[in-house]
Chemist: 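For reference, the structure I am asking about is given below.
Quantities reported herein were computed from a predicted structural model and do not represent experimental measurements.
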Amino acid sequence: MTQAHQGGAHGWTGARKGALSRLRFTSLRLRLVVVFGLVALTAAVSASGIAYWLNREAVLTRTQDAVLRDFEQEMQNRAGALPERPTQDELQHTAGQMAGSDQRFSVLLVGRDTEGRTVYGSSGGLNGFSLQDVPKSLRTAVNRTQKVDGANKHPYHLYWQRIVDHDTPYLVAGTRVIGGGPTGYMLKSLEPEAKDLNSLAWSLGIATGLALIGSALLAQAAATTVLKPVQRLGAAARRLGEGKLDTRLRVSGTDELADLSRTFNNAAEALEKRVADMAARDEASRRFVADMSHELRTPLTAITAVTEVLEEELEAETGSMDPMIEPAVRLVVSETRRLNDLVENLMEVTRFDAGTARLVLDDVDLADQITACIDARAWLDAVELDAERGLHARLDPRRLDVILANLIGNALKHGGSPVRVSVREADDSIVIEVQDHGPGIPEDVLPHVFDRFYKASASRPRSEGSGLGLSIALENAHIHGGEITAANSPDSGAVFTLRLPRGTSPAEEEQPAEDGLTPGSDTGRPQGEDTKGDA
């Protein structure tokens, strides 16, 4: 497939996905169109139904009244002129005359001749309109004699009924000649009226469909008008959430949506200004720490050299040191070491914050690395190691040493020996657990053990550690793509779990060491820097 075809296919797929996302059932656009459509459909169907019913009744009533009036007139004028005992020929002739009226209905006349026999006369001949075509209930009503009184002046009345025969509607009516004479029945087809009503129904149905389509188009237009600014606002909010703080909306109009856009722009501008101020202060703070650390390194180098000389004098046991000043010298040596460690840790934290920390990867035998870390700090008697030799991972040896030194030193200082270090494999990761046998970590301290300068007790604001060791260990784990978690063991003591990937992307490798720190050296002295209560 060519690049142009691929671009076209991707464009079509993107457009299709965009259309589907706009038409998903949960979208406001689709719901608005559906609501508009349902309202329009309900209104159109109701209006069409009412219009059809009113027109149907008007058409049928008008036709029915005209036919019944004509039939009644024919019965009075023509059937009323027949003798009381007519012959079949007379009935046949009169029925034909009656059927020739303007309404063109079929007529059936029933009477008795002079011999008392029932005779029939149909306008359609022998095979035309017959008595079997008249409903029995209508015949019974026509032949029933009514009581004559003040409210009812005649014993017989005109009755009618609508019937359907072979899907064709008919009007059937019947009455008797008052004063004696034949009984007459009429059959009128209502098919023309039915066709007119069907045409009306089709017209109303088409009008309903057009109304539904129009409402959908109107809803689409309204949705586009109303929802487009909302969509722009949503897209702008997503860009703002992605960190593009210069995002602004184009404001037009004076409606509520325009006010919302203005509010968004004001909020985005205030947020951008606040973030810029915070970034500037953060950068100034990092620069101050870095500059301060670098400035302190020069005098610290000289002071460290002097303290090393003083320490040698203390350890020489020659008696040259005045016993009165020996405690002060020991305090100076201890505090100088602590200050040197703090400066080195601050510089390491500054590198992490500035994003300049890099990995110098190497193939590491974990058992050998942990053994070297313990041996360099003279912890062999206090640490139990459970690790098989030959378990390798591609890691930064110096940073791994920093992590292990802080975790093991922290466990020895506050957890109590023996400290158990175990190594195991888990999928594509290496899991190193450091467990002590101390009292454990208080539950309110657990969430803060990796915080910088966190002090578990306000009564101990000063401790041997800098309060940065565990945070530096965590940052070193993160730069490897790993994690450190702290928890309390069900038996006793605290458990720190280090999880590291077995391999790291080659793109993360950097050969030169940073800031003069060689692989294998710690950020300070070779001992744990942090504590549980002094993190």
Side-chain angles (χ1 to χ4, degrees), residues 341 344-345 348 357-413 415-437 469-470 472-486 489 493-530:
D341 294 343
E344 294 295 338
N345 286 339
E348 186 75 359
R358 294 292 183 269
L359 295 177
V360 182
L361 299 177
D362 195 4
D363 188 69
V364 176
D365 187 305
L366 294 173
D368 291 342
Q369 181 70 25
I370 298 174
T371 302
C373 174
I374 297 172
D375 184 48
R377 293 159 179 83
W379 291 338
L380 288 175
D381 295 336
V383 178
E384 298 177 358
L385 177 60
D386 180 12
E388 295 183 0
R389 294 190 179 276
L391 186 59
H392 291 261
R394 190 160 179 78
L395 303 168
D396 186 327
R398 182 185 70 83
R399 296 189 181 277
L400 178 60
D401 183 81
V402 171
I403 298 173
L404 295 172
N406 279 289
L407 295 182
I408 298 174
N410 185 75
L412 289 171
K413 187 180 301 182
S417 59
V419 172
R420 181 178 177 83
V421 181
S422 58
V423 182
R424 57 184 172 86
E425 293 183 88
D427 298 330
D428 294 333
S429 301
I430 298 296
V431 178
I432 302 175
E433 290 186 351
V434 179
Q435 180 176 359
D436 61 50
H437 291 79
L470 285 182
I472 291 176
L474 182 63
E475 293 290 350
N476 278 301
H478 285 169
I479 199 174
H480 279 91
E483 185 60 66
I484 304 178
T485 57
S489 173
V495 180
F496 284 82
T497 303
L498 169 64
R499 186 181 296 270
L500 296 173
R502 296 200 64 171
T504 308
S505 173
E508 297 178 359
E509 294 190 31
E510 294 288 341
Q511 292 302 322
E514 53 201 82
D515 287 344
L517 294 175
T518 59
S521 66
D522 199 354
T523 54
R525 296 180 70 243
Q527 57 182 336
E529 279 302 319
D530 214 340

Chemist: Got a sec, which residues hit side chain to side chain contact (heavy atoms under 4.5 Å, CB included) with D362, two or more places apart in sequence or on another chain?
Modeler: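 Partners of D362 by the side chain to side chain contact (heavy atoms under 4.5 Å, CB included) criterion, ordered by chain and then number, come out as P397.
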Chemist: Would you confirm whether D365, through its side chain, and G390, through its main-chain N or O, come within 3.5 Å as a donor-acceptor pair?
Modeler: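 Present.
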Chemist: Show your reasoning for whether side chain to side chain contact (heavy atoms under 4.5 Å, CB included) applies to E483 and H478.
Modeler: CA-CA 6 Å; E483 185 60 66; H478 285 169; 3.2 Å; yes
Chemist: How many angstroms lie between CG in N410 and CG in L470, if you round to the nearest 0.5 Å?
Modeler: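 Answer rounded to 0.5 Å: 5.0 Å.
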Chemist: Is any side-chain heavy atom of L404 closer than 4.5 Å to a side-chain heavy atom of I432?
Modeler: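 Result yes, sub-4.5 Å side-chain heavy-atom pair found.
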Chemist: Quick check against the 3.5 Å criterion: does N406 have a side-chain atom that pairs as donor or acceptor with the backbone of V402?
Modeler: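 Pair found, side chain donor or acceptor close to backbone of V402.
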Chemist: Of all heavy-atom pairs between A387 and V423, which one has the smallest distance, and what is that distance?
Modeler: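 So the minimum-distance heavy-atom pair works out to CB-CG2, 3.6 Å.
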Chemist: Give a yes or no on whether the backbone of A494 and the side-chain of D436 come within a donor-acceptor separation of less than 3.5 Å.
Modeler: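 Yes, the answer is positive, given that a donor and an acceptor are paired below the 3.5 Å cut-off.
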Chemist: Between H480 and L395, is there a side-chain heavy-atom distance shorter than 4.5 Å?
Modeler: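 Yes, their side chains come closer than 4.5 Å.
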Chemist: Using side chain to side chain contact (heavy atoms under 4.5 Å, CB included), reason through E425 and L391 one step at a time and then give a plain yes or no.
Modeler: CA-CA 9 Å; E425 293 183 88; L391 186 59; 3.3 Å; yes
Chemist: Do you know which two heavy atoms are closest between C373 and A405, and how far apart they sit?
Modeler: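 It is SG-N, 3.8 Å.
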Chemist: CG of D363: more than 12 outside heavy atoms within 6.0 angstrom?
Modeler: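 Atom CG in D363 is packed in, count exceeds 12.
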Chemist: Could you tell me which residues satisfy salt bridge (charged side-chain N to carboxylate O under 4.0 Å, His left out) with E384, sequence neighbours excluded, listed by chain and number?
Modeler: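 If we apply the salt bridge (charged side-chain N to carboxylate O under 4.0 Å, His left out) test to E384, skipping adjacent residues, the hits are R420.
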Chemist: Once you round to the nearest 0.5 Å, how far does CG of L500 lie from CZ of R502?
Modeler: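 Here the interatomic distance stands at 11.5 Å.
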Chemist: With sequence neighbours excluded, tell me which residues meet side chain to side chain contact (heavy atoms under 4.5 Å, CB included) with A382.
Modeler: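 Side chain to side chain contact (heavy atoms under 4.5 Å, CB included) check on A382 returns L412, S417.
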Chemist: Suppose we screen for side-chain hydrogen bond (donor to acceptor under 3.5 Å, both in side chains). Which residues come up paired with D428, at least two apart in sequence or across chains?
Modeler: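 side-chain hydrogen bond (donor to acceptor under 3.5 Å, both in side chains) list for D428, sorted by chain: empty.
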Chemist: From L474 CG over to I479 CD1, what is the distance, rounded to the nearest 0.5 angstrom?
Modeler: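 That separation rounds to 12.0 Å.
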Chemist: For D375, what residues pass the side chain to side chain contact (heavy atoms under 4.5 Å, CB included) criterion, not counting sequence neighbours?
Modeler: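 In terms of side chain to side chain contact (heavy atoms under 4.5 Å, CB included), with neighbours along the sequence ignored, D375 is linked to L380.
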Chemist: Which residues pass the side-chain hydrogen bond (donor to acceptor under 3.5 Å, both in side chains) test with S422, not counting sequence neighbours?
Modeler: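 In terms of side-chain hydrogen bond (donor to acceptor under 3.5 Å, both in side chains), with neighbours along the sequence ignored, S422 is linked to no residue.
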Chemist: Show the nearest heavy-atom pair for residues I430 and A393, with the distance to one decimal.
Modeler: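 So the two residues come closest at CG1-CB, 4.1 Å.
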Chemist: Under 4.5 Å between any side-chain heavy atoms of W379 and V419, yes or no?
Modeler: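 No, every pair of side-chain atoms sits at 4.5 Å or beyond.
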Chemist: Once rounded to the nearest 0.5 Å, what's the spacing between atom CG of N476 and atom CD1 of I403?
Modeler: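 These two atoms lie 5.0 Å from each other.
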Chemist: So L400 and L366, do their side chains get closer than 4.5 Å, heavy atoms only?
Modeler: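 Yes, close enough: below the 4.5 Å cut-off.
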Chemist: Among residues at least two apart in sequence or on other chains, which ones pass side chain to side chain contact (heavy atoms under 4.5 Å, CB included) with A426?
Modeler: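 Result, side chain to side chain contact (heavy atoms under 4.5 Å, CB included) vs A426: R424, V431, R499.
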Chemist: Run L498 and V434 through side chain to side chain contact (heavy atoms under 4.5 Å, CB included) and show every step you take.
Modeler: CA-CA 8 Å; L498 169 64; V434 179; over 6 Å; no
